[in-house]
Amino acid sequence: MALPWKLHGDGKKVGAHEIVLPGERLTWPRTIGLGAQHVVAMFGATFLVPLLTGFPPSTTLLFSGVGTMLFLLITRNRLPSYLGSSFAFIVPIVAATKAHGMPSALFGIVVTGLLLAIVGLIVVATGTKWIDGLMPPIVAGAIVALIGFNLAPAAKNNFMAAPVTALVTLAAVILCTVLFRGMLGRLSIFLGVVVGYVFAVFAGQVDFSKVERADWLGLPQFTLPANPFTAPAETWGILPAFLPVVLVLIAENVGHIRGVAQLTDPTVNKLTGRALFADGLATTIAGFFGGSGTTTYGENIGVMAATRVYSTAAYWVAGIVAVLLGLSPKVGAVINTIPAGVLGGVTTALYGLIGIIGVKIWLDNKVDFSKPVNQFTAATALIIGIGDFTLNLGQLTFNGIALGAIAAIVVYHVMNSIARVRGTD
């Protein structure tokens with residue numbers, strides 16, 4: 001059966017002002033290289049979540065790959081995206097695991113996934129007009145931007161763990177982008193990681209002891225969620241802590257889709273319902289077997305913005321590689337030796353690129369910032385997101401991304417409604 005992608009030009013050269021669309025691809029060696037770059041981009045964050053929550057990293061990596069391929073199938077290969085571990089799950093997972101054990105936390109992840117899938121089906125049935133009305137360009141741009149800028153502390157923490165290594169990595173990424181032409185220039189992020197990793201090895205920052213003890217092949221650890229019909233009542237009590245995550249995942253997915261649509265094809269927005277359903281299903285499956293919840297990854301938007309290659313073929317490569325890594329403790333251990341300094345250097349560039357995509361949404365839609373409604377919508381949301389404001393209401397915890405997204409929506413619609421009534425718009 002013929003593969004669904006057509007070759008972009010000769011598959012080797014991409015013009016300086018061209019982009020490779022989702023339904024196109026470059027030659028397979030180049031596509032594999034781009035897929036590897038997407039693996040590098042998602043790896044640090046995808047492994048960080050299980051490390052912080054106590055979940056098995058290999059299991060989370062395996063189901064991020066499975067979820068990515070499922071996402072591509074459901075969105076008909078038209079929406080380039082990688083589904084990695086969502087940071088929104090960290091607080092409720094830690095709280096649930098500490099109180100009632102890992103199965104209880106997995107139960108919360110499964111319920112969250114099911115709710116997101118239901119929202120996706122509603123969007124498929126009703127269309128996206130209500131989402132467009134809920135999140136116009138000023139709101140959508142703010143949400144995309146704050147997702148990137150909210151990750152700045154994570155980049156800083158990794159950067160400061162080994163500043164010299166991080167600086168070498170960041171410099172390599174920046175210089176490779178302009179030093180090399182063609183594909184080498186588009187692989188600047190991957191090359192930057194390689195340069196930073198080699199530097200870290202010579203600096204004595206890489207520990208290979210776990211690599212020597214790891215097996216080449218092996219299944220990751222699987223854990224089933226708590227059975228809601230036989231589990232104690234306390235298990236149901238953890239659900240309120242997971243419910244806010246649904247809003248965060250919707251915001252992250254919509255922000256991702258808006259960003260890709262702005263850079264490729266506006267009709268991609270029509271896939272919003274399918275994307276939400278796919279992410280919900282992927283989260284449900286991951287939670288059912290012991291993996292962390294997933295979300296569309298902003299890190300990989302940064303890769304696409306840097307390379308201008310939006311081919312879904314590269315994401316199939318990334319998904320397959322993630323599954324193989326999840327099934328190979330040896331290979332997983334090697335990649336897990338990437339030190340914090342290298343990740344800090346790369347994410348400093350990537351997270352910033354995500355934020356700039358949000359700004360680009362404003363520019364492309366000619367958002368009028370002379371209007372106070374738009375000024376306060378963007379200003380309030382960005383400060384909340386960048387500062388990572390946190391609100392605790394009993395078991396409910398809203399982080400900076402959730403509060404920033406809520407603020408963008410509420411501030412815009414409240415101010416806009418009052419302005420129209422009072423004639424001050």
Return the [atom1] to [atom2] distance between [X] and [Y], rounded to the nearest 0.5 Å.
X    : Y    : atom1 : atom2 : result
T283 : F288 : OG1   : CZ    : 15.0 Å
L276 : F71  : CG    : CZ    : 8.5 Å
S58  : L219 : OG    : CG    : 10.5 Å
S86  : I109 : OG    : CD1   : 10.0 Å
L175 : L191 : CG    : CG    : 11.5 Å
H38  : Y82  : NE2   : OH    : 11.0 Å

Test your reading of the model: is there a side-chain donor-acceptor pair from [X] to the backbone of [Y], 3.5 Å cut-off?
X    : Y    : answer
S328 : L324 : no
T294 : L83  : no
T59  : F55  : no
N269 : P266 : yes
R274 : T75  : no
D207 : S209 : yes
N157 : P153 : yes
T377 : N374 : no
Q221 : P56  : no
N150 : G385 : yes

Measure across [X] and [Y] and return the closest heavy-atom pair with its distance rounded to 0.1 Å.
X    : Y    : result
A381 : A142 : CB-CB, 4.1 Å
A314 : L34  : CB-CB, 4.1 Å
L146 : G404 : CD2-C, 3.7 Å
V373 : N416 : CG2-N, 4.2 Å
A349 : L170 : CB-CD1, 3.9 Å
M102 : G290 : CE-O, 3.7 Å

Could you check if a side-chain atom of [X] sits within less than 4.5 angstrom of a side-chain atom of [Y], using non-hydrogen atoms only?
X    : Y    : result
T169 : F199 : no
L327 : L217 : no
L271 : I257 : no
I138 : F369 : yes
V20  : R25  : no
I74  : F277 : yes
S81  : V260 : no
F208 : V201 : yes

Candidate pair T165 and Q205, rule side-chain hydrogen bond (donor to acceptor under 3.5 Å, both in side chains), full reasoning: CA-CA 9 Å; T165 300; Q205 298 172 0; 2.7 Å; yes

Audit row: S311, E24, side-chain contact (heavy atoms from CB on, under 4.5 Å) steps and yes/no: CA-CA 6 Å; S311 173; E24 299 177 327; 5.7 Å; no

side-chain contact (heavy atoms from CB on, under 4.5 Å) evaluation trace for V309 with M304: CA-CA 5 Å; V309 177; M304 291 189 291; over 6 Å; no

Aromatic plane relationship, F63 with F289 - under 30° parallel, 30 to 60° tilted, over 60° perpendicular: parallel

Partner residues of D368 under the salt bridge (Lys or Arg N to Asp or Glu O under 4.0 Å) criterion, sequence neighbours left out: none

Residues Y197, T337; criterion side-chain hydrogen bond (donor to acceptor under 3.5 Å, both in side chains); working and verdict: CA-CA 9 Å; Y197 187 82; T337 60; 2.8 Å; yes

Verdict with reasoning, V39 to V317, per side-chain contact (heavy atoms from CB on, under 4.5 Å): CA-CA 9 Å; V39 172; V317 172; over 6 Å; no

From CA spacing to verdict: side-chain contact (heavy atoms from CB on, under 4.5 Å), N300, H256: CA-CA 10 Å; N300 297 89; H256 175 94; 5.8 Å; no

